[in-house]
Novice: 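Got a structure here, written out as structure tokens. Questions coming.
The sequence lines fix the lettering, A, B, ..., with proteins before strands; numbering per chain opens at 1.
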Amino acid sequence: MSQKYGLRVTNVFHAGDGNLHPLILYDANVPGELARAEAFGAEILALCVEVGGVLTGEHGVGVEKRDLMGTMFDADDLAQQMRVKSAFDPEGRLNPGKVFPQLHRCAELGHLHVHRGQIPFPHLPRL
Amino acid sequence: MATIFTPNRPEELSEILRWAVANATPLAVVGGGSKSGIGRPVSAEHVLSLAGFSGVSQYEPNELVLTAGAGTPLAEIEALLAENGQMLAFEPPDHTHLFAASATAPIAGAARAGTLGGVLAANSSGPRRFLAGAARDHFLGFRAVNGRGEAFKAGGRVVKNVTGFDLPKLLAGSWGTLAALWEVTLKVMPVPEFSCALLIFGLDDTGASRVMRAAAASAHVVSGAAHLPARVAVRSAAVKAAGQSVTALRVEGPELSVRHRVAGLKALLIGGGYLEGVDCDELDGPAALALWRDIGDLALLAAGDTREIWRLSLPPATAPAVVAHIVNGEPAVEWLQDQAGGTLWLSCPAGTPAEQIRGALAPDGGHATLWRASAARRAEVAVFQPQPPALAALTRRVKASFDPRAVLNPGRMYSDS
């Protein structure tokens, strides 16, 4: 992969508990290197999932790994997690845009709360 | 007429649940049926048995991970782990004897009842819980079908995983009300090489509480801390000879380390003035294993046919005052402290008011579950601790997020969800 993307990678492991911390070296001043580094990272994660691992062992899914959730979970898996989010946060106020790849589905699933005739996130595209 | 559905393929399980939704027909979800007497009675015409999903599909002892069908008998799992020098560290107990037609104490060495899925759905954990964690903490992943008939999975097969929501934690202790589990993955642990219990005789509940908390807070890694009042202790073959109350502290690991830590623990307790005027002993080998099994299985509490068993989870230091408040000189009540006092098991005469039990807990001072009672009683008394309105509303929304038509074990935990 390092050859494919033309970027060096330093590997640090928490070997005992199966954690890998690949550090992809790129120069932000070189046009295209950041995008290549991100694609490189995504391919590493896809391989982890393929061999039975997961996307993250320590820091969770925020924004950078959000769109890779689909490599580990199918639509029904993600829909169930998003319904649980809606149970805790029916109006989608808490960190919208984090964790789940298709934001609009968060408001779409579960109980859509209509408050004073307004639906939440009217600007979001809906299915 | 009641039908027992026993699917053995996930597609069949989905089909049954889609049928249940389409016909608004609730299902009673069971594994081995050993815990069917716990919780509120479920009014369901048909039974969904997960016993058909049986067998270990993946077990890598070196990785400390096991995947099996949710209906796999616990006895089969424990035998396989034992062959490999491993165990379920959360020590799932066997309470079947409390729910048999005529209550008899469990037979030593008999196969453990229950299924792996049932253990997780009930978050069933034993005396090592305060050190090793509950069943919930060893539950890594699952595949299941929700109350919409949709197959889904959550978690994974690795110990360190923070990808998305940790739904195994939510499913543990949900008593089959959220989804029908058909495959589960757990973390397993090596069996300790040696186990020794430091026994202290003749303490009252207050003295025992101080000893257990000092031991649990020490550097000696105590993995069991229970107090058996005299009339409970006399039912244990391992410790009845003393004829007094028994406070047991368990230390596990390589023998050299265990001997060193037991000596250190004893010195600590003597130094703290906890052991003045009381006798001590040490117990290891099969008798020690039997003692902890009896404590976890509730084999020592009076369990005559009509007695009601309560489980209280509370701040350990409050246990003696809560016991005193509930017992209040009533000789018919028996109890034992487990988890260094964090779990209090009570055996009461039938009909003991729930208010008498729950009223003894300080505000926000824990919760009480009516663990064993007649079906009629479980239908009229709140079996699980009543929730404040906001939490009850959240519980209903979580239930609806998995099972909007309430086809899975409706009413098992709360009458309205």
Novice: Can you establish whether the number of heavy atoms outside Leu256(B) located under 6.0 Å from its atom CG is more than 12?
Specialist: no
Novice: What are the two closest non-hydrogen atoms of Val162(B) and Glu58(A), and how far apart are they?
Specialist: CG2-N, 3.4 Å
Novice: From Arg397(B) CZ over to Arg83(A) CZ, what is the distance, rounded to the nearest 0.5 angstrom?
Specialist: 16.0 Å
Novice: Given that the side chain runs from C-beta out, which part of Asn161(B) has a heavy atom under 4.5 Å from chain A: side chain, backbone, both or neither?
Specialist: both
Novice: Which answer fits Val99(A), side chain, backbone, both or neither, if we ask what part of it has an atom under 4.5 Å from a heavy atom of chain B?
Specialist: side chain
Novice: Around atom CG of Asp27(A), are there more than 12 heavy atoms from other residues, nucleotides or ligands closer than 6.0 Å?
Specialist: yes
Novice: Within the structure provided, determine whether Lys85(A) and Ser401(B) are in side-chain contact (heavy-atom separation under 4.5 Å).
Specialist: no
Novice: Who among Gly164(B), Gly156(B), Pro404(B) has the most heavy-atom pairs with chain A under 4.5 Å?
Specialist: Gly164(B)
Novice: Drop me the distance from Asp74(A)'s CG to Phe152(B)'s CZ, to the nearest 0.5 angstrom.
Specialist: 10.5 Å
Novice: Measure the shortest side-chain to side-chain distance between Val398(B) and Phe88(A) over non-hydrogen atoms and say whether it is less than 4.5 angstrom.
Specialist: yes
Novice: Quick check: are there more than 12 heavy atoms from other residues, nucleotides or ligands sitting under 6.0 Å from CE of Met87(B)?
Specialist: yes
Novice: Under 4.5 Å from any heavy atom of chain A, what part of Leu64(B) do you find: side chain, backbone, both or neither?
Specialist: neither
Novice: Any idea which heavy atoms bring Lys160(B) and Val54(A) closest together, and the distance?
Specialist: O-CG2, 3.8 Å
Novice: Using a 4.5 Å cut-off on heavy atoms from C-beta on, say whether the side chain of Asp17(A) contacts that of Val159(B).
Specialist: no
Novice: Can you establish whether the number of heavy atoms outside Glu43(A) located under 6.0 Å from its atom CD is more than 12?
Specialist: yes
Novice: For Asn19(A), which atoms come within 4.5 Å of any heavy atom of chain B: side chain, backbone, both, or neither?
Specialist: side chain
Novice: Check whether Met72(A) gets within reach of chain B through its side chain, its backbone, both or neither, counting any heavy atom under 4.5 Å.
Specialist: both
Novice: Are the ring centres of Phe165(B) and Phe73(A) closer than 6.0 Å?
Specialist: no
Novice: Quick check on His14(A) against chain B: is it the side chain, the backbone, both or neither that has a heavy atom closer than 4.5 Å?
Specialist: side chain
Novice: Atom CD of residue position Glu150(B) - does it have more than 12 heavy atoms of other residues, nucleotides or ligands inside 6.0 Å?
Specialist: yes
Novice: Does Arg136(B) CZ have over 12 foreign heavy atoms under 6.0 Å away?
Specialist: yes
Novice: Is Ala393(B) in contact with chain A via its backbone, its side chain, both, or neither, using a 4.5 Å heavy-atom distance?
Specialist: neither
Novice: Once rounded to the nearest 0.5 Å, what's the spacing between atom CD of Gln80(A) and atom CG of Asn146(B)?
Specialist: 5.0 Å
